[in-house]
Amino acid sequence: MDDRDVAKYWDENAPDWIKGVQAGYDVYRDYVNNPAFFGMLPDIAGLRVLDVGCGEGQSTRRAADLGATVVGIDISKEMIEAARRHERDRPRSIEYHTVSGNDMSMFADESFDAAISAMAMMDMADYAGCVREIIRVLKGGGFFQFSILHPCTTTPVRRLLRDKQGRITAIAVSNYFGLQPTLPEQEIEEWFFSSAPPEVKAAARPFRVPRFYRTLGEYFNTLAEAGFVIERLCEPYASEEAAKKCPAVADTRIAPYFLIFRGKKPASD
Ligand SMILES: C[S@@+](CC[C@H](N)C(=O)[O-])C[C@H]1O[C@@H](n2cnc3c(N)ncnc32)[C@H](O)[C@@H]1O
């Protein structure tokens, strides 16, 4: 599976993905990830920020609204076209490009103050290549903050255990280290927003997402080997209030679903 295949899957996912995100069906984003991600983001007002794997640009726009000059990149041209439509409707001086995070030769070394990425680094075929490119384009002292599915609970074999009422009570995981062969159905995950109304789910084509299983150690060590100093890790979960308001996200309180890293490129002497 290479970048070309990944782009094809995300181009196909784009129409329903965009509609679902805009309709608010991505409740984990709205109630768990966004509050944690933007809550721990340093002040970016006045900074030049790169959004890697920006999709249709929700986080890109939010970063621009926080006062940054933002450039969004994504490998899917359908996602980038949707992001550009938003920019035409309500300009925020955001620039978008259809390129892969592992080949950003269009950007000079040390041309960004910060980089962000929301739930995309786990979807990249060449994570290490992307990390090397991101540190290259960052200025010394700049940071990279990104969220991913938590690698310890997003494993090739994974079962949700439920009580009699159907509530999720535990997650069983296996083949974390990838020591057993990964089956074809584990390489392309099919899913749809679980909180979408039944009629929307019935009419939608499930997303087909190429999965690249990596251990926590691989995520961390790749950042360290590229030269990042890890500043902060966050395993977000729904607050009691959020879980009451949106019971669908209460399961994030039993085990970590997501992980946010922030690393800093050391300042050059
Ligand atoms: C789960 S979506 C997240 C999109 C967006 N950040 C958001 O929060 O809605 C993952 C995105 O990663 C993009 N992607 C996958 N591999 C990529 C790569 N090598 N370079 C840039 N983007 C990539 C996909 O096209 C897709 O838009």
Side-chain angles (χ1 to χ4, degrees), residues 1-38 41 49-65 70-86 94-107 115-134 136-137 144-150 154 187-194 206-212 214 222 236 257-261:
M1 176 81 56
D2 61 16
D3 274 357
R4 245 193 334 211
D5 301 315
V6 174
K8 186 174 143 288
Y9 279 102
W10 278 103
D11 278 340
E12 287 169 6
N13 291 335
D16 283 335
W17 175 270
I18 294 162
K19 272 189 242 152
V21 168
Q22 286 170 2
Y25 302 151
D26 191 356
V27 288
Y28 292 107
R29 170 196 299 261
D30 297 334
Y31 287 92
V32 183
N33 275 322
N34 273 352
F37 191 89
F38 288 97
L41 190 69
V49 175
L50 174 68
D51 185 2
V52 184
C54 63
E56 57 77 58
Q58 199 197 79
S59 301
T60 334
R61 294 189 289 280
R62 189 146 170 191
D65 290 341
V70 195
V71 177
I73 67 121
D74 199 283
I75 204 170
S76 154
K77 71 175 180 6
E78 295 296 328
M79 290 288 196
I80 289 293
E81 271 167 27
R84 285 184 179 142
R85 281 197 293 277
H86 276 282
I94 303 175
E95 221 181 88
Y96 288 105
H97 301 280
T98 310
V99 291
S100 173
N102 60 45
D103 180 9
M104 298 192 283
S105 45
M106 63 178 302
F107 303 126
I116 58 171
S117 176
M119 300 302 288
M121 295 302 290
M122 73 276 173
D123 291 331
M124 300 193 180
D126 180 8
Y127 164 72
C130 291
V131 169
R132 284 193 296 270
E133 273 294 81
I134 291 164
R136 180 186 67 76
V137 302
F144 174 38
Q145 180 173 308
F146 68 98
S147 55
I148 52 174
L149 287 171
H150 202 299
T154 311
E187 281 165 9
I188 306 293
E189 192 191 13
E190 295 206 3
W191 64 280
F192 196 69
F193 298 122
S194 51
F207 303 129
R208 302 187 71 218
V209 178
R211 280 269 164 263
F212 303 100
R214 300 178 179 107
T222 300
Y257 281 19
F258 309 104
L259 179 59
I260 308 175
F261 278 97

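Positions are given from 1, in the same order as the sequence printed here. Order of listing sets the numbers, starting from 1, for every ligand and every atom in it.
Taking every non-hydrogen atom of G101 and a distance limit under 4.0 Å, the qualifying atoms of ligand 1 come out as 18 (C), 19 (N), 20 (N), 21 (C). Numbered from 1 in the order shown, with element, the atoms of ligand 1 that lie under 4.0 Å from a heavy atom of D3 read 19 (N). Residue M79 approaches ligand 1 through these ligand atoms, each under 4.0 Å from one of its heavy atoms: 27 (O). Taking every heavy atom of S76 and a limit of under 4.0 angstrom, the matching atoms of ligand 1 come to 25 (O). Near M119, meaning under 4.0 Å from one of its heavy atoms, ligand 1 places the atoms 1 (C), 2 (S), 3 (C), 10 (C). Below 4.0 Å from some heavy atom of V6 lie the following atoms of ligand 1, by number and element: 15 (C), 16 (N).
Ligand 1 does not have Q58 within reach: every non-hydrogen atom of the residue lies 4.0 Å or more from it. Heavy-atom distances between V21 and ligand 1 stay at or above 4.0 Å for every pair.
Atom 15 (C) of ligand 1 has its nearest heavy-atom neighbour, among D123, D74, D103, in D123. Comparing S100, G72, C54 against atom 5 (C) of ligand 1, the shortest heavy-atom distance belongs to C54. Nearest residue to atom 7 (C) of ligand 1 from E133, M122, M121, R29 is R29 (criterion: closest heavy atom).
When only interatomic distances are considered, the shortest N/O to N/O separation between G53 and ligand 1 falls below 3.5 Å. Residue I75 has at least one N or O atom closer than 3.5 Å to an N or O atom of ligand 1. Considering both main-chain and side-chain atoms, A120 never comes within under 3.5 Å of ligand 1 through any nitrogen or oxygen pair.
The pair R136-E133 meets the salt-bridge criterion, with a side-chain N (NZ, NE, NH1 or NH2) lying under 4.0 Å from an Asp/Glu carboxylate O. In summary, R62 and D65 do not engage in a salt bridge, as defined by a charged side-chain N under 4.0 Å from a carboxylate O.
If you take CD on Q145 and CZ on F37, they are separated by 4.0 Å, rounding to the nearest 0.5 Å. Here the CD1 atom belonging to I188 is positioned 9.5 Å from the CZ atom belonging to R211, to the nearest 0.5 angstrom.
Applying the ring-ring contact (aromatic ring centres under 6.0 Å, His included) test between W17 and each of Y25, F192, F207 identifies F207 as the sole match.
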- Query: Where do M104 and I134 land on the side chain to side chain contact (heavy atoms under 4.5 Å, CB included) test, with the steps shown first?
  - Reply: CA-CA 8 Å; M104 298 192 283; I134 291 164; 3.8 Å; yes

- Task: Output, in order, the C-alpha distance, side-chain angles, deciding distance and verdict of side-chain hydrogen bond (donor to acceptor under 3.5 Å, both in side chains) for N33 and S147.
- Result: CA-CA 8 Å; N33 275 322; S147 55; 5.3 Å; no

